[in-house]
Amino acid sequence: MAVFAGMTHWLMGSGSLGWPELAQLFAHFLVLSLISVGGAINTAADMQRFVVQEHGWLSAAQFNTSVAIAQAAPGPNVLFVAVLGFNLAGVAGLVAAMSGIMLPSTLLALKAGRLTEQYRESRAIRAFNAGLGPLSIGLLLSTGWVLLQPYLGHGSQRIGAFALAAVAVLALVRTKISPIWLIALGAVVGALGGV
């Protein structure tokens with residue numbers, strides 16, 4: 001019996017989610033996968049709404065920490081989904097979140113890639129591709145706004161958060177600086193107690 005309890009703890013982690021909640025997480029991330037144009041990070045705003053605001057499974061600080069840790073690590077930006085899932089329910093949460101976010105978009109990308117190759121010169125394909133850029137930028141801006149929210153309630157942190165966000169946006173728009181340097185800047189400011 002102790003082995004079963006140990007396996008359950010390893011599988012479910014220290015999170016409080018049970019199987020029904022894991023099914024909800026999986027289903028919600030399935031839907032988000034279909035609108036994750038530009039990457040899973042563009043759907044972080046809705047992930048935060050679902051996980052933090054609607055269900056209270058994580059705090060806003062825990063959510064932001066999960067995103068920050070995963071974004072600072074080398075590898076694809078979708079890793080933050082794995083960290084979120086693991087923080088929610090251990091390995092089971094990781095599997096639910098990652099399979100939810102990866103399955104539909106992967107299958108859709110494979111099919112779209114074949115169609116795009118076949119009809120690359122079509123007006124519809126060119127219009128579709130042109131429309132994805134603004135959509136991706138809008139989703140990314142909404143994610144940035146959601147990640148700023150925990151810091152906007154504190155007077156001294158509000159100014160620092162806005163200043164750091166403005167510097168990051170300007171640097172990304174005006175220069176070819178690698179985003180990793182901006183993440184490092186944010187880490188240094190946070191470590192010094194700035195935001």
Side-chain angles (χ1 to χ4, degrees), residues 17 19-55 57 63-64 66-89 91-148 165 168-183:
L17 299 188
W19 295 112
E21 291 86 4
L22 285 171
Q24 279 183 299
L25 179 70
F26 174 76
H28 190 75
F29 280 34
L30 273 175
V31 173
L32 290 181
S33 177
L34 296 173
I35 62 165
S36 61
V37 176
I41 194 67
N42 289 342
T43 59
D46 194 72
M47 289 177 190
Q48 195 270 0
R49 180 201 56 79
F50 183 76
V51 170
V52 175
Q53 296 171 1
E54 189 174 315
H55 292 288
W57 294 334
F63 182 89
N64 285 357
S66 298
V67 173
I69 288 170
Q71 291 301 299
N77 77 3
V78 75
L79 289 179
F80 84 95
V81 175
V83 175
L84 284 174
F86 189 81
N87 285 340
L88 288 168
V91 174
L94 183 149
V95 170
M98 284 299 285
S99 58
I101 203 73
M102 295 297 293
L103 281 174
S105 60
T106 301
L107 295 174
L108 187 61
L110 288 171
K111 184 64 175 172
R114 289 184 183 132
L115 287 174
T116 300
E117 186 63 33
Q118 186 176 359
Y119 300 105
R120 126 179 39 154
E121 297 304 320
S122 122
R123 177 180 274 184
I125 295 295
R126 289 193 319 247
F128 178 77
N129 287 336
L132 290 180
L135 175 64
S136 183
I137 290 169
L139 289 169
L140 192 56
L141 288 173
S142 70
T143 295
W145 181 251
V146 165
L147 294 176
L148 273 176
V169 169
L170 286 173
L172 288 172
V173 170
R174 301 268 186 203
T175 70
K176 294 194 181 285
I177 189 171
S178 170
I180 195 67
W181 293 112
L182 298 172
I183 292 169

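What you see below is based on every heavy atom in this structure, not just the backbone, and it leaves out hydrogens, waters and symmetry mates.
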Straight-line distance of [X] [atom1] to [Y] [atom2], nearest 0.5 Å:
X: Ser142; Y: Ile137; atom1: OG; atom2: CD1; answer: 12.0 Å
X: Ile69; Y: Asn87; atom1: CD1; atom2: CG; answer: 7.5 Å
X: Phe26; Y: Leu103; atom1: CZ; atom2: CG; answer: 5.5 Å
X: Leu34; Y: Ser36; atom1: CG; atom2: OG; answer: 7.5 Å

Measure across [X] and [Y] and return the closest heavy-atom pair with its distance rounded to 0.1 Å.
X: Ala168; Y: Leu182; result: O-CD1, 3.8 Å
X: Ala97; Y: Gly85; result: CB-CA, 4.0 Å
X: Ser33; Y: Ser105; result: OG-N, 2.9 Å
X: Ser66; Y: Phe80; result: O-CB, 4.3 Å
X: Gly93; Y: Leu25; result: O-CD2, 4.1 Å

(message) Is it the case that the side chain of Ser122 and the backbone of Ile125 share a donor-acceptor pair, with hydrogens and angles ignored and the cut-off at 3.5 Å?
(response) yes
Return all side-chain donor-acceptor pairs below 3.5 angstrom for residues 107-118, not counting sequence neighbours, or 'none' if the list is empty.
residue, atom, partner, partner atom, Å
Thr116, OG1, Ala112, O, 2.7
Glu117, OE2, Arg120, NH2, 2.3

(message) Side chains of Leu32 and Phe29, heavy atoms from C-beta outward: is any pair under 4.5 Å?
(response) yes
(message) For a 4.5 angstrom cut-off between non-hydrogen side-chain atoms, does Phe63 reach Val67?
(response) yes
Name the atoms and distances for all side-chain donor-acceptor pairs under 3.5 Å in residues 37-55, with sequence neighbours left out.
residue, atom, partner, partner atom, Å
Asn42, ND2, Val37, O, 2.6
Asn42, ND2, Ser136, OG, 3.0
Thr43, OG1, Ala40, O, 2.7
Asp46, OD1, Arg49, NE, 2.8
Asp46, OD1, Arg49, NH2, 3.1
Asp46, OD2, His28, NE2, 2.6
Asp46, OD2, Arg49, NH2, 3.4
Gln48, OE1, Gln53, NE2, 3.2
Arg49, NH1, Glu54, OE1, 2.4

